[in-house]
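A, B, ... follow the sequence lines: proteins, then strands. Residue 1 opens every chain. Quick note: numbers below take in every heavy atom, side chains included, and nothing from hydrogens, waters or symmetry partners.
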There are 2 protein chains.
Amino acid sequence: MPGAVPSASGGLPDKRRAISQAARRVFGREGYARASLDVIAAEANVAKRTIYNHYAGKEQLFLSVAIEGADAVTEAVRVLMERHLRKIVDLEEDLIAFCLDRAKAVTEFPDHFALVRTIHAEVTRLPDAVLERWTAHGPPSAHKRLAPYLQKIADRGLLEFDDAEKAANRLNTLTTNDVLIRSFYGAVPLPEPVVEETITEGVQAFLRLYAPPSAAPHQQN
Amino acid sequence: MPGAVPSASGGLPDKRRAISQAARRVFGREGYARASLDVIAAEANVAKRTIYNHYAGKEQLFLSVAIEGADAVTEAVRVLMERHLRKIVDLEEDLIAFCLDRAKAVTEFPDHFALVRTIHAEVTRLPDAVLERWTAHGPPSAHKRLAPYLQKIADRGLLEFDDAEKAANRLNTLTTNDVLIRSFYGAVPLPEPVVEETITEGVQAFLRLYAPPSAAPHQQN
DNA sequence: CACGGGATGCACTGGTGAGTGCAATTGTTG
DNA sequence: CAACAATTGCACTCACCAGTGCATCCCGTG
């Protein structure tokens, strides 16, 4: 009955993977309290009892899935940064492409961002250790990882700032965060053209703030 | 046993007010699914049966409280705009004072913002009509209400932009939203000095973007 | 003082869900 | 084939909670 590949290959023992994927889906869709282990088991094609062979209980399962998701997104963003920001051809174009891809991830991984909303709702009930891992591994750490790239770009004279982390946070704020908030973290997706306009204008604003006064900045909004 | 003032004075019939306040607290603290009407009744010093005399059920109660809260915040923001943005003395100072007060509201009304987190989590399950009322009455409408004030300021030549709503959204993005996101919507409050720094620098960035090139802009971050 | 409406306490129904125990089954490995 | 571990199905306990019905009580009003 299991998929096709036996559990021979590396990675998680097959069942565990199915459980964690189903859990991410269900927790995202239903929230923590509503989500039931029976449903998760059903969607994973697994006996409820099996879940308890892999996880201590509901809470443990949720936390595990949350951290996994955070790491996955962090990794995805890292790839995007490598792709768009390693070699700069046209700074404005590259930044827009990067931020757009990043914003699109919101609508392309609805499971994960549904989970993000759930985590926000549960934040006050989360164990401190988990909250720390979340802020360290998850979305909140995005601008920390962006900072070195901006620093390198600044070293080449294409940007100008004192504090790379603040600049990174500002870019985030002007683009991704704006889209995130206005779309309720992806729950009510913005129309594609609106996303593009928001990102483009956000990047342009960022460049007006941080580009050295050499190349003429583009027009105002 | 009820408080002191009889239900003689205007406003809601006393009990109803107690219920709605307790409901806001409990829904905010526990989330929708966890919150139990027994607990709400207990915290309101009211019999559970009484809740059903005023509200059709749990869902109705939640929605009612949510909309009430949204209206309250909208009103509070309106007052702040009147206080700080009606008569401009020093634009930078006034904007900072306004945004600071606005941001402080997050930490001063934890009940409400806890509710906001809950609503985010429930957004996908909310009836369309309620979601519309929320976006129209609640936080998302803040920049719409801010726009006319900025427009008046621009008419006096202190700001320069084509689209007042976009400018308003940008100010929001650079100040309040930044604080909101970084504090998990008030769940993990930022230290006061950090809030001040964030707001100040956000306003300064806003002015660099939208102030006409007359008065020398302040220093970069 | 009699009346009536809201408030109260309480018991009860029906439903759901976390977590467990166990015996039977399946797949893997030597 | 035999031993072993993971998986499964299922029944069961315990707890919680939305919503209801009802008899009682407390209140201000006429």
Side-chain angles (χ1 to χ4, degrees), chain A residues 1-23 25-66 118 122 125 127, chain B residues 1-66 118 121-122 125 127:
Chain A
M1 184 183 278
V5 186
S7 63
S9 70
L12 303 175
D14 222 24
K15 295 285 176 184
R16 193 184 174 98
R17 190 154 211 73
I19 294 172
S20 108
Q21 278 178 10
R25 251 197 330 271
V26 176
F27 278 131
R29 194 175 63 228
E30 310 281 353
Y32 179 81
R34 284 178 142 97
S36 96
L37 290 194
D38 294 277
V39 172
I40 293 176
E43 290 205 16
N45 284 315
V46 141
K48 177 160 81 156
R49 205 60 185 70
T50 305
I51 295 181
Y52 287 93
N53 292 345
H54 288 274
Y55 299 89
K58 189 183 187 182
E59 186 172 318
Q60 223 275 307
L61 175 60
F62 176 75
L63 298 179
S64 166
V65 164
T118 300
E122 299 293 328
R125 282 177 292 278
Chain B
M1 184 182 280
V5 186
S7 64
S9 69
L12 304 175
D14 221 25
K15 295 286 176 184
R16 192 185 175 97
R17 190 154 211 74
I19 293 172
S20 108
Q21 278 179 8
R24 170 157 39 253
R25 250 195 333 269
V26 176
F27 278 131
R29 195 176 62 226
E30 312 279 354
Y32 179 80
R34 268 185 228 263
S36 96
L37 290 194
D38 294 276
V39 172
I40 293 175
E43 291 205 15
N45 284 317
V46 141
K48 176 159 82 157
R49 204 62 186 71
T50 306
I51 295 181
Y52 286 94
N53 292 345
H54 288 273
Y55 299 89
K58 188 182 187 182
E59 185 171 319
Q60 224 275 306
L61 174 60
F62 176 75
L63 298 179
S64 167
V65 164
T118 299
E122 299 293 328
R125 283 176 290 279

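The A/D38 side chain lies nearest to C/dG17 when the options are D/dC22, C/dG17, D/dA18. Counting only heavy atoms from C-beta on, A/S36 has its side chain closest to C/dG17 among D/dA18, C/dG17, D/dG21.
Between A/A44 and A/A18, the shortest heavy-atom distance links the atoms CB-O, 3.6 Å. When all heavy atoms of A/A33 and B/A33 are compared, the pair lying nearest together is CB-CB, 3.5 Å. Looking at every heavy atom in both residues, A/G31 comes nearest to A/T118 through CA-OG1, 3.8 Å.
Counting any heavy atom pair closer than 4.0 Å across all strands shown, B/A18 reaches no nucleic acid atom. Residue contacts shown for A/A41 are absent, as no nucleic acid heavy atom lies under 4.0 Å away.
For CD of B/Q60, the number of neighbouring non-hydrogen atoms (other residues, nucleotides, ligands) closer than 6.0 Å is greater than 12.
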Can you pull every protein N or O that's under 3.5 Å from an N or O on nucleotides 4-7 of chain D?
residue	atom	partner	partner atom	Å
D/dT7	OP1	A/H54	NE2	3.4
D/dT7	OP2	A/H54	NE2	3.3

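As a whole-Å value, the separation of B/K48 NZ from D/dC22 P is 17 Å. Straight-line distance from the CG atom of A/L37 to the C1' atom of D/dA15: 15 Å, rounded to whole Å. Taking atom CD1 of A/I51 as the reference point, atom C1' of D/dG9 lies 14 Å away to the nearest angstrom. In this entry the distance linking CG of B/D14 with P of D/dC26 reads 18 Å, nearest Å. Remark: C1' of C/dT16 and OH of A/Y32 are 16 Å apart, rounded to the nearest angstrom.
Listed by first and then second residue, the side-chain hydrogen bond (donor to acceptor under 3.5 Å, both in side chains) pairs involving residues 46-57 of chain A amount to none (not counting sequence neighbours). Residue pairs meeting the side-chain hydrogen bond (donor to acceptor under 3.5 Å, both in side chains) criterion with at least one partner in residues 21-37 of chain B, sequence neighbours excluded, are A/E122-B/R34, B/R25-B/E43, B/R29-B/E43.
A heavy-atom distance below 4.0 Å to DNA chain D is reached by these residues of residues 55-65 of chain B, ordered by number: B/G57, B/K58.
A/K58 meets the salt bridge (Lys or Arg N to Asp or Glu O under 4.0 Å) test with no other residue; sequence neighbours excluded. Taking A/A23 as the reference, A/F27, A/I40, A/L61, A/V65 meet the side chain to side chain contact (heavy atoms under 4.5 Å, CB included) condition, with sequence neighbours excluded.
Of the two residues contacting DNA chain C, namely A/R34 and A/R49, the nearest-nucleotide position lying further toward the 5' end is that of A/R34.
Here A/D14 contributes atom CG and A/I19 contributes atom CD1; the two are 10.5 Å apart, rounded to the nearest 0.5 Å.
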